[in-house]
Number of protein chains: 2
Amino acid sequence: MPRNRRPQDREEKRAEIVVAATTLFTDSGYDETSMSKVATAAGVTTNTIYWYFDDKDALLVAVLDYVLEAALADAALEPERPWGEQILWAVDRLDQYRRLVTVVHAKTATSPVVEAWHNGFHTLVDTLLVDGFRRVGIPESDLVPMAAIGTFVVEGLLMHPHAVKDRRVIVQTLVASRP
Amino acid sequence: MPRNRRPQDREEKRAEIVVAATTLFTDSGYDETSMSKVATAAGVTTNTIYWYFDDKDALLVAVLDYVLEAALADAALEPERPWGEQILWAVDRLDQYRRLVTVVHAKTATSPVVEAWHNGFHTLVDTLLVDGFRRVGIPESDLVPMAAIGTFVVEGLLMHPHAVKDRRVIVQTLVASRP
DNA sequence: ACCTTATCTTGACTGGCGTTCAAGAAGTTT
DNA sequence: AAACTTCTTGAACGCCAGTCAAGATAAGGT
């Protein structure tokens with residue numbers, strides 16, 4: 001039976017570290033942020049971080065879970081809108097995590113834990129996109145490739161800076177196109 | 001006036017280092033390849049690499065130039081084919097450089113020299129895609145957003161493993177779609 | 001009250017990394 | 001053969017992710 005010091009203290013402290021890491025990873029970049037910088041920002045020592053997280057990759061995954069959960073919660077509050085506007089909202093909302101997008105793809109090749117998160121993320125995005133394209137009348141036989149194209153466009157917009165106006169044109173072209 | 005030891009020795013040795021780095025970067029990854037591993041593979045010491053390249057980023061750019069030039073030379077030898085087949089050929093040809101694609105996007109945020117290469121690359125790809133989509137009858141007003149979508153699809157296919165059959169379906173859906 | 005036990009924190013350390021520096025070897029020009 | 005440029009190298013530096021063993025803290029059992 002567990003003999004925790006304080007039952008929820010652990011999760012609180014863990015969350016503090018994740019918050020500190022999120023700011024640093026998104027603003028300065030993952031590779032550019034050392035564990036000691038995260039530690040200082042969170043008011044602990046580097047070794048303490050290693051008590052809560054296996055390694056730096058695990059901390060990255062915790063950050064990814066954190067920002068994704070927050071974005072999904074925001075999305076749930078948004079009113080119903082046309083399909084194109086929904087995609088644009090998502091791109092706008094996730095734009096602040098641009099640097100995380102690139103680093104996830106780079107680390108997926110070498111870090112199993114990041115790869116697992118990446119797989120789960122794509123599964124989620126895929127179901128959302130299939131539903132969206134179905135709503136605008138894409139035939140059932142084309143839903144799978146269209147969802148893939150949609151994913152690539154969203155990721156592409158996040159990984160490459162575009163003016164808001166250009167984003168709009170690209171997304172409108174995407175949702176307006178028919179086989 | 002130049003007083004070279006041997007006029008072209010320099011370029012030869014530089015090329016040897018680039019070839020060694022290309023294999024290691026594409027097979028093992030950029031971050032996972034230390035300068036000393038490149039040096040050993042090229043039969044020199046790490047310091048010698050720094051005589052030919054400013055830093056590791058500059059070596060990466062040299063590798064990118066090298067593989068892109070080779071791919072473009074190959075493309076020039078290919079016979080004329082339908083637009084969709086041309087895109088699929090490019091994805092097949094570049095698939096071996098998957099790991100370079102992800103690392104370029106990740107390093108673009110922090111390395112000016114990689115960012116510059118990335119910008120040039122996108123300019124090149126954009127003109128190729130605009131021409132291709134024009135050939136299949138996309139109206140002039142939609143060429144720019146379609147080229148952007150095409151770029152994102154190609155990059156997406158390179159960054160995410162897909163069965164050859166799935167690639168085909170996605171690209172065919174892309175080139176068949178009309179506003 | 002005391003001892004045990006699990007949870008948490010830390011200082012000191014390790015091996016490897018990218019990069020720099022000063023010194024030297026090798027070839028070319030004068 | 002002296003001077004100068006080009007190339008190569010051994011040794012070192014500061015920083016990094018990650019490890020280890022020792023200690024601090026609070027709860028449970030007796």
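Chain letters run A, B, ... following the sequence lines, proteins first, then strands; residues in each count from 1.
- One atom, CZ of A:F53, and another, P of C:dT9, lie 12 Å apart when rounded to the nearest Å.
- At the phosphate of D:dT6, neither OP1 nor OP2 sits under 4.0 Å from any side-chain N or O atom of B:R10.
- Atom CE in B:M35 sits about 15 Å away from atom C1' in D:dT9, given to the nearest Å.
- Between A:R93 and A:E78 there is no salt bridge, since no side-chain N of the basic residue sits under 4.0 Å from a carboxylate O of the acidic one.
- Comparing A:E32 and A:D54 by the nucleotide of DNA chain D whose heavy atom lies nearest to each, the residue mapping closer to the 5' end is A:E32.
- Checking C:dT9, D:dG18, D:dT9 against every side-chain atom of A:D55, the shortest atom distance belongs to D:dG18.
- Between the CD atom of A:E11 and the C1' atom of C:dT7 there is a distance of 15 Å, given to the nearest Å.
- The listed nucleotides are C:dG18, D:dG18, D:dT9; the one nearest the side chain of B:K56 is C:dG18.
- A salt bridge links A:R134 to A:E140: at least one charged side-chain nitrogen sits closer than 4.0 Å to a carboxylate oxygen.
- One finds no salt bridge joining B:D142 and B:R178 here, because no Lys/Arg side-chain nitrogen approaches an Asp/Glu carboxylate oxygen to under 4.0 Å.
- Here the C1' atom of nucleotide C:dC8 and the CD1 atom of A:I49 are 14 Å apart, to the nearest Å.
- A sub-4.0 Å separation between OP1 or OP2 of D:dT8 and a side-chain N or O of B:Y52 is present.
- Side-chain nitrogen and oxygen atoms of A:S34 include none within less than 4.0 Å of the OP1 or OP2 phosphate oxygen of D:dC15.
- Dashed line: the shortest gap from a side-chain N or O of B:W51 to OP1 or OP2 of D:dC7 is under 4.0 Å.
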Please set out all donor-acceptor pairs under 3.5 angstrom arising from side-chain atoms of residues 60-74 of chain B, sequence neighbours excluded.
residue	atom	partner	partner atom	Å
B:D65	OD1	B:W117	NE1	2.9

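- Distance A:E16 CD to C:dC8 C1': 14 Å, rounded to the nearest Å.
- Of all non-hydrogen atoms in A:V44 and A:K13, the two that sit nearest each other are CG1-CE, 3.8 Å.
- Here the P atom of nucleotide C:dC8 and the NZ atom of A:K13 are 10 Å apart, to the nearest Å.
- Checking the phosphate oxygens (OP1, OP2) of D:dT9, no side-chain nitrogen or oxygen of B:T46 falls inside 4.0 Å.
- For the pair B:Y50 OH and D:dA12 P, the computed distance is 19 Å after rounding to whole Å.
- Atom CG of B:D31 and atom P of D:dA17 are 12 Å apart (whole Å).
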